[in-house]
Colleague: 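Before we start, here is the structure in question, set down as structure tokens.
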Amino acid sequence: YITPQYLSRLFRRFLNCSPYEYLTSFRISKAKELLIMKLRLEVREIAVRTGFSDPSHFIAVFKKHTGFTPLEFRRLN
């Protein structure tokens, strides 16, 4: 019985980020794991498995958070 606004305030207070930022960071973290552990998975499949419906949006968000595209990240690791 809490409002979305209150939940957002709690996130900000205890995790220092919004629910959206938390979810995005979690998804990028899982994407990094898949890029390193599952070399046969294509970027498109990793995008879908981590909750992104559009691979190009996934690539843009991944690059914004890591400084690398998913393929560059995979090559470096």
Colleague: Roughly how far, to the nearest 0.5 Å, is the OG1 atom of Thr50 from the NZ atom of Lys30?
Modeller: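 Result: 11.0 Å between the selected atoms.
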Colleague: Hey, can you pull the donor-acceptor pairs under 3.5 Å for the side chains in residues 56-65, sequence neighbours left out?
Modeller:
from: Ser56; atom 1: OG; to: Asp54; atom 2: OD1; distance (Å): 3.1
from: Ser56; atom 1: OG; to: Asp54; atom 2: OD2; distance (Å): 2.9

Colleague: Supply the atom-to-atom distance Leu10 CG to Leu15 CG, rounded to the nearest 0.5 angstrom.
Modeller: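 If I round to the nearest 0.5 Å, the distance is 9.5 Å.
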Colleague: Which atom names give the shortest non-hydrogen contact between Arg49 and Leu41, and what distance separates them?
Modeller: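 Of all heavy-atom pairs spanning Arg49 and Leu41, the closest is NH1-CD1, 3.6 Å.
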Colleague: Is the shortest side-chain heavy-atom distance between Ser8 and Pro19 below 4.5 Å?
Modeller: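 Result yes, sub-4.5 Å side-chain heavy-atom pair found.
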Colleague: Determine whether Phe52 and Ile46 make a side-chain contact, defined as any pair of heavy atoms from C-beta on separated by less than 4.5 Å.
Modeller: no
Colleague: Please check if the number of heavy atoms outside Asn77 that lie under 6.0 Å from its CG is greater than 12.
Modeller: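 For Asn77, atom CG is crowded (more than 12 foreign heavy atoms under 6.0 Å).
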Colleague: If Ile, Leu, Val, Met, Phe, Trp and Tyr residues are connected whenever their side-chain heavy atoms lie under 4.5 Å apart, and connections chain through other members, are Leu76 and Leu39 in the same group?
Modeller: no
Colleague: Identify which one of Leu71, Leu34, Thr69, Val48 satisfies the side chain to side chain contact (heavy atoms under 4.5 Å, CB included) criterion when paired with Val43.
Modeller: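 Result: among Leu71, Leu34, Thr69, Val48, Leu71 is the only option passing the side chain to side chain contact (heavy atoms under 4.5 Å, CB included) with Val43.
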Colleague: Could you pull out all residues at least two apart from Glu33 that satisfy side chain to side chain donor-acceptor pair (under 3.5 Å)?
Modeller: none
Colleague: Please enumerate all residues that pass side chain to side chain donor-acceptor pair (under 3.5 Å) together with Arg9, with sequence neighbours excluded.
Modeller: none
Colleague: By side chain to side chain contact (heavy atoms under 4.5 Å, CB included), which residues pair with Arg44, not counting sequence neighbours?
Modeller: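 Residues passing side chain to side chain contact (heavy atoms under 4.5 Å, CB included) with Arg44: Glu42, Pro55.
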Colleague: With sequence neighbours excluded, give me every salt bridge (charged side-chain N to carboxylate O under 4.0 Å, His left out) pair touching residues 10-23.
Modeller: Arg12-Glu21
Colleague: Could you tell me if the side chain of Glu72 sits less than 4.5 Å from the side chain of Thr66, heavy atoms only?
Modeller: no
Colleague: Enumerate the ring pair (Phe, Tyr, Trp, His ring centres under 6.0 Å) contacts for residues 15-38, please, sequence neighbours excluded, ordered by first and then second residue.
Modeller: Phe11-Tyr22
Colleague: For the hydrophobic clusters of this structure (ILVMFWY residues joined by side-chain heavy atoms under 4.5 Å, transitively), does one cluster hold both Leu23 and Ile28?
Modeller: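 They do not share one cluster, since no chain of ILVMFWY contacts under 4.5 Å joins Leu23 to Ile28.
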